[in-house]
Colleague: 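Let me begin by handing over the structure; questions about it come next.
If you're wondering where the values come from, they're calculated on a predicted model, not measured in any experiment.
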Amino acid sequence: MSLLVTDAGLLTTVQDRGRPGWAHLGVPRAGALDGPAAALANRLVGNPVSAALLEATLGGLRFRAERACLLAVTGAACRVDVGGRPAPWGAAFSVRAGTEVALGPASDGARCYVAVRGGIAVPPVLGSRSTDTLSWVGPPVVTEGTRLPLGAASGDGPADVVMTAAPHRRRELLLHLGPRADWVADPGSLDGATYRVGTDSDRVGLRLDGPVVRRARSGELMSEGIVLGAVQLPPSGLPLVFLHDHPTTGGYPVIAVVDEADLPVCAQARPGEELVLRLR
């Protein structure tokens, strides 16, 4: 009653809605980077939106279902094959026991989500089944040979939703000025600035390469609490957007915070893509 992973691709982790509320103990929230895409995948197979599923970075995941099950793939657009035949993306489909499911490379976006009816039933840690790639709380990263247990079906049954194509992805990030915006010589210069997504971006943070943001002050701060979406300004002058596996404290000034609605934009931004910053 499990999935046997035969190729984990670049990075595949188990995620749910994370473990918010533990930052005071130094535990990040983790959780699916693209929350709406993960929730949709769960709805398509009839799971509660909080059920654990797989997050595959840039696709490339392969696994074999060891029992007949209902699956759905959402998030980054990719080819889906079941037993060597095409299967729908963005809709639920059935898989027979022993059949291999393969996700091709992501063609648009960065994070694919695979939900299975019943959810991934690895043991929860602090109330969540999410893998945290910074503090390594939760299940280990999925690798070749990992066997993932499946839970019992629950919820209201599959949603009557079919997507024919991946939704249009925005290339803008809406920012609110942060608590240390006065450390920037010209905060208004952030509005309309274009940055390229760095290749060293990961679940911890989105690194941006482009115009250097000039500081109005020298020196450093005492470490402060960090929130999801915080835009930190390290000494390089290149902004860093903290994502779900962010540290709980940091010593560089937080000059802005990404609007919550645009966090999925960060999740699906591919290395090398351009993003335009907008100030609210």
Side-chain angles (χ1 to χ4, degrees), residues 11-21 28-59 61 70-78 80 88-93 103 106-117 119-120 128-133 154-176 197 201-206 227-230 241-246 257-270 273 275-276 278 280:
L11 174 67
T12 297
T13 57
V14 177
Q15 299 293 338
D16 55 18
R17 305 189 90 177
R19 50 183 68 83
R29 73 177 61 201
L33 292 193
D34 187 342
L40 174 61
N42 273 324
R43 289 177 55 218
L44 287 169
V45 297
N47 289 341
V49 295
S50 59
L53 74 175
L54 295 176
E55 179 184 276
T57 301
L58 297 176
L61 170 67
L70 187 68
L71 284 86
V73 179
T74 65
C78 66
V80 182
W89 177 98
F93 56 91
L103 274 61
S107 57
D108 186 28
R111 267 94 188 182
C112 306
Y113 293 92
V114 181
V116 186
R117 177 76 166 155
I120 305 296
S128 169
R129 294 181 167 89
S130 287
T131 300
D132 185 317
T133 61
S154 62
D156 298 330
D160 186 17
V161 178
V162 176
M163 299 179 65
T164 57
H168 173 70
R169 285 196 300 120
R170 294 181 59 233
R171 301 293 201 277
E172 291 186 345
L173 290 181
L174 183 61
L175 305 182
H176 305 270
V197 177
S201 299
D202 53 22
R203 284 186 46 87
V204 175
L206 193 70
V227 299
L228 176 61
V241 181
F242 280 121
L243 303 180
H244 285 63
D245 290 358
H246 66 82
V257 178
V258 173
D259 192 275
E260 183 178 5
D262 280 355
L263 290 173
V265 177
C266 300
Q268 297 296 355
R270 298 166 64 96
E273 285 186 347
L275 294 174
V276 179
R278 298 293 183 193
R280 168 161 285 180

Colleague: Heavy atoms only: give me the nearest Leu103-Cys78 pair and the separation to one decimal.
Modeller: CG-SG, 4.0 Å
Colleague: What I'd like to find out is whether the side chain of Val258 reaches to under 4.5 Å of the side chain of Leu263, using heavy atoms alone.
Modeller: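 They are in side-chain contact.
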Colleague: Can you confirm whether Val197 sits close enough to Arg270 that some side-chain heavy atom of one is under 4.5 Å from a side-chain heavy atom of the other?
Modeller: no
Colleague: Report the C-alpha distance between Asp202 and Leu11 in whole Å, list the side-chain angles of each, state the deciding distance to 0.1 Å, and finish with yes or no for side-chain contact (heavy atoms from CB on, under 4.5 Å).
Modeller: CA-CA 10 Å; Asp202 53 22; Leu11 174 67; over 6 Å; no
Colleague: Counting only heavy atoms not in Glu172 (residues, nucleotides, ligands), do more than 12 fall under 6.0 Å from its CD?
Modeller: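 Counting other residues, nucleotides and ligands, CD of Glu172 exceeds 12 neighbours.
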Colleague: So, Ser128 versus Asp16: side-chain donor-acceptor pair below 3.5 Å or not?
Modeller: yes
Colleague: Between Leu175 and Arg278, is any pair of side-chain heavy atoms under 4.5 Å apart?
Modeller: no
Colleague: State, yes or no, whether a side-chain contact exists between Val114 and Leu53 at a heavy-atom distance under 4.5 Å.
Modeller: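 Result no, sub-4.5 Å side-chain heavy-atom pair not found.
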Colleague: Please report the closest heavy-atom contact between Trp89 and Ala77, naming both atoms and the distance.
Modeller: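 Closest approach of Trp89 to Ala77: NE1-CA, 3.8 Å.
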Colleague: Tell me the closest heavy-atom pair linking Arg19 and Ser130, and the distance in Å.
Modeller: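 Residues Arg19 and Ser130, closest heavy atoms: NH2-O, 3.0 Å.
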Colleague: Give, for atom CD of Gln268 and atom CZ of Arg169, the distance between the pair rounded to the nearest 0.5 Å.
Modeller: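 Output value for this atom pair is 6.5 Å.
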Colleague: Is any side-chain heavy atom of Glu55 closer than 4.5 Å to a side-chain heavy atom of Arg203?
Modeller: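 Yes, close enough: below the 4.5 Å cut-off.
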Colleague: What pair of heavy atoms forms the shortest contact from Pro264 to Ala261, and how long is it?
Modeller: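 Scanning both residues, the minimum pair turns out to be CD-O, 3.5 Å.
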Colleague: Are Cys266 and Leu243 packed together at the side-chain level, in the sense that at least one heavy-atom pair is separated by less than 4.5 angstrom?
Modeller: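 Of all side-chain heavy-atom pairs linking Leu243 with Cys266, at least one is under 4.5 Å.
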Colleague: Can you tell me how far CG of Asp34 sits from NE2 of His244, rounded to the nearest 0.5 angstrom?
Modeller: 9.0 Å
Colleague: Tell me, with the steps shown, if Asp259 and Arg280 meet side-chain contact (heavy atoms from CB on, under 4.5 Å).
Modeller: CA-CA 9 Å; Asp259 192 275; Arg280 168 161 285 180; 3.6 Å; yes
Colleague: How far apart are the closest heavy atoms of Leu174 and Asp262, and which atoms are they?
Modeller: N-OD2, 2.7 Å
